[in-house]
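Per chain, numbering begins at 1; letters A, B, ... match sequence-line order. Excluded from the calculations below are hydrogen atoms, water molecules and symmetry mates; all remaining heavy atoms, backbone and side chain alike, are included.
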Protein chains: 2
Amino acid sequence: MASQFTVHGRLWIEGPDGTVLGHGRVELLEKIDALGSLSAAATALGMSYRYAWKLVKLMNEHSDGPLITLNAGGRGGGHASLTEAGREAVATYRQTDREFEQFLSEQSEKLPG
Amino acid sequence: MASQFTVHGRLWIEGPDGTVLGHGRVELLEKIDALGSLSAAATALGMSYRYAWKLVKLMNEHSDGPLITLNAGGRGGGHASLTEAGREAVATYRQTDREFEQFLSEQSEKLPG
DNA sequence: CTCCGTTATGCGTCAAAGTGCATATCGAAA
DNA sequence: TTTCGATATGCACTTTGACGCATAACGGAG
C-alpha cells in the first residue's frame with residue numbers, strides 16, 4: 001500500500017540576471033501562443049493582466065533574446081506572439097518538467113508507510 | 001561548454017493535512033537535534049523563535065505522530081529534542097533531497113547552449 | 001521557595017507577491 | 001479621421017510569510 005505522504009516540488013530555470021522560466025511563466029507563454037493575446041491569456045489563467053505583463057517584461061529581459069513579441073494597436077487592438085526562442089524555451093522547460101514529474105512520483109513511491 | 005542557464009527547484013513532503021517537511025523545516029529539525037534547544041536552533045539559523053515554534057507545531061500536527069518534543073522549565077530552562085519519528089523523517093527527506101540535487105545538476109547539463 | 005533560562009502565545013509590523021483600478025497610447029480598418 | 005480593442009504603466013490595496021516585542025508559564029537546582 002502506498003504512503004499517505006507524497007513528494008512535491010517546484011522547478012525553474014535561472015539565468016545570470018534571475019529567473020527566466022517557471023511553471024506559471026511557461027503556462028502563460030503557452031496561452032499566449034494559443035490565443036495570440038496577452039490579455040486573453042492572462043484572463044484564461046485567472047491572472048491579472050498587470051502581473052502577466054510584468055512577467056513578460058521580466059522574461060524578455062532575463063533571456064538571451066526576447067521570448068515574446070507584443071504589438072499595441074492595429075486590427076483587433078493589438079497582438080502578442082512567441083518568438084522562435086520563446087517556443088524553444090517552452091519545449092525545453094516542458095521536457096525538463098516531464099522528467100521532474102517522473103522523479104516526484106518515483107520518490108513518492110519510495111516513502112515509508 | 002556549459003549553458004549560462006541552470007535548473008533550480010524546491011522539494012517538500014505533504015501529508016493529508018498539509019506540508020510536513022521542506023528544506024527549512026528539516027534544517028530546523030537538524031539544529032534542534034544538534035543543540036537540544038528550540039531557541040538556540042532558531043537563532044543559529046537566523047530564524048525568529050516565534051516562527052520556529054510555529055513550524056514545530058505545524059510539523060507535529062501534520063505528521064502521524066510528533067517529530068519534536070518540547071519541555072518548558074527545569075534545568076537550563078527547558079529542552080527540545082527529536083522523537084524517533086523525527087529522526088527518521090529527517091533521514092528520509094535527506095535521502096530524497098540528495099537524489100533531487102543529482103537530478104537538478106543532470107538537467108542543468110542538458111540545457112541548450 | 002526563589003531563580004533562571006527556555007518554552008508558550010498574543011499582537012502589531014514589515015516586505016514581497018499579486019490584484020484592481022484608472023488612464024494613456026497605439027495602429028489597422030472602416 | 002474616427003473607432004475599437006489590446007498593449008503600456010502608475011498607484012493603492014490585499015494577502016501571506018516572517019519578524020520583533022511583550023509577557024506568561026514552567027520546573028529542576030540551589
Side-chain angles (χ1 to χ4, degrees), chain A residues 8-12 14 17-29 31-62 66-83 86, chain B residues 8-12 14 17-29 31-62 66-83 86:
Chain A
H8 297 249
R10 293 192 148 272
L11 208 65
W12 65 91
E14 285 188 20
D17 303 327
T19 299
V20 177
L21 285 185
H23 185 75
R25 295 178 190 211
V26 166
E27 284 205 317
L28 182 59
L29 291 191
K31 277 292 179 199
I32 290 172
D33 200 28
L35 302 177
S37 154
L38 176 54
S39 81
T43 301
L45 294 175
M47 176 186 299
S48 71
Y49 173 81
R50 191 72 188 72
Y51 188 60
W53 177 83
K54 278 186 183 171
L55 287 184
V56 165
K57 193 184 172 198
L58 285 174
M59 285 190 268
N60 279 343
E61 285 172 352
H62 293 169
L67 304 183
I68 309 101
T69 304
L70 297 177
N71 301 289
R75 107 185 157 300
H79 185 260
S81 57
L82 298 195
T83 63
Chain B
H8 297 248
R10 293 193 147 273
L11 208 66
W12 66 92
E14 285 188 18
D17 304 326
T19 298
V20 178
L21 285 185
H23 184 76
R25 295 178 190 210
V26 166
E27 285 206 315
L28 182 58
L29 291 192
K31 278 293 179 198
I32 290 172
D33 201 29
L35 302 178
S37 154
L38 177 53
S39 81
T43 301
L45 294 174
M47 177 186 299
S48 72
Y49 173 82
R50 190 74 188 69
Y51 188 60
W53 177 84
K54 278 188 181 169
L55 287 183
V56 165
K57 193 183 173 200
L58 285 173
M59 285 190 268
N60 279 342
E61 285 171 353
H62 293 168
L67 304 182
I68 308 100
T69 304
L70 298 177
N71 301 290
R75 104 184 160 302
H79 185 258
S81 57
L82 297 195
T83 64

**Request:** To the nearest 0.5 angstrom, please state how far the CG atom of A/L38 sits from the OG1 atom of A/T43.
**Result:** 9.0 Å
**Message:** Using a 4.0 Å heavy-atom cut-off, does A/G24 contact any base of the nucleic acid, only the sugar-phosphate backbone, or nothing at all?
**Reply:** nothing
**Complete:** Applying side-chain contact (heavy atoms from CB on, under 4.5 Å) to A/K57 and not counting sequence neighbours gives A/W53, A/E61
**Request:** Quick one: pull up NE2 in A/H79 and CG in A/L70 and give me the separation to the nearest 0.5 Å.
**Result:** 10.0 Å
**Prompt:** Where each residue is assigned the nucleotide of DNA chain C containing its nearest heavy atom, which of A/G46 and A/R75 is assigned the position nearer the 5′ end?
**Reply:** A/G46
**Request:** Report yes if some heavy atom in the side chain of B/H62 is under 4.5 Å from a heavy atom in the side chain of B/T19; otherwise report no.
**Result:** no
**Protein proximity profile, nucleotides 5-11 of chain D - base contact B, sugar-phosphate-only contact S, no contact -, cut-off 4.0 Å on heavy atoms** = BBBBBBB
**Asked** Starting at CG of B/L55 and ending at P of C/dT9, how long is that distance when rounded to a whole Å?
**Response** 15 Å
**Message:** Can you measure B/L35 atom CG to C/dT7 atom P for me and round it to whole angstrom units?
**Reply:** 11 Å
**Message:** Checking A/N60 against A/L67 for the side chain to side chain contact (heavy atoms under 4.5 Å, CB included) test, could you report, in this order, the C-alpha distance in whole Å, the side-chain angles of both residues, the deciding distance, and whether it holds?
**Reply:** CA-CA 6 Å; A/N60 279 343; A/L67 304 183; 4.0 Å; yes
**Asked** How would you list, by chain and number, every residue that makes a salt bridge (Lys or Arg N to Asp or Glu O under 4.0 Å) with A/D17, sequence neighbours excluded?
**Response** none
**Fill in**
Here the distance between atom P of D/dC19 and atom CG of B/L45, to the nearest Å, is 10 Å
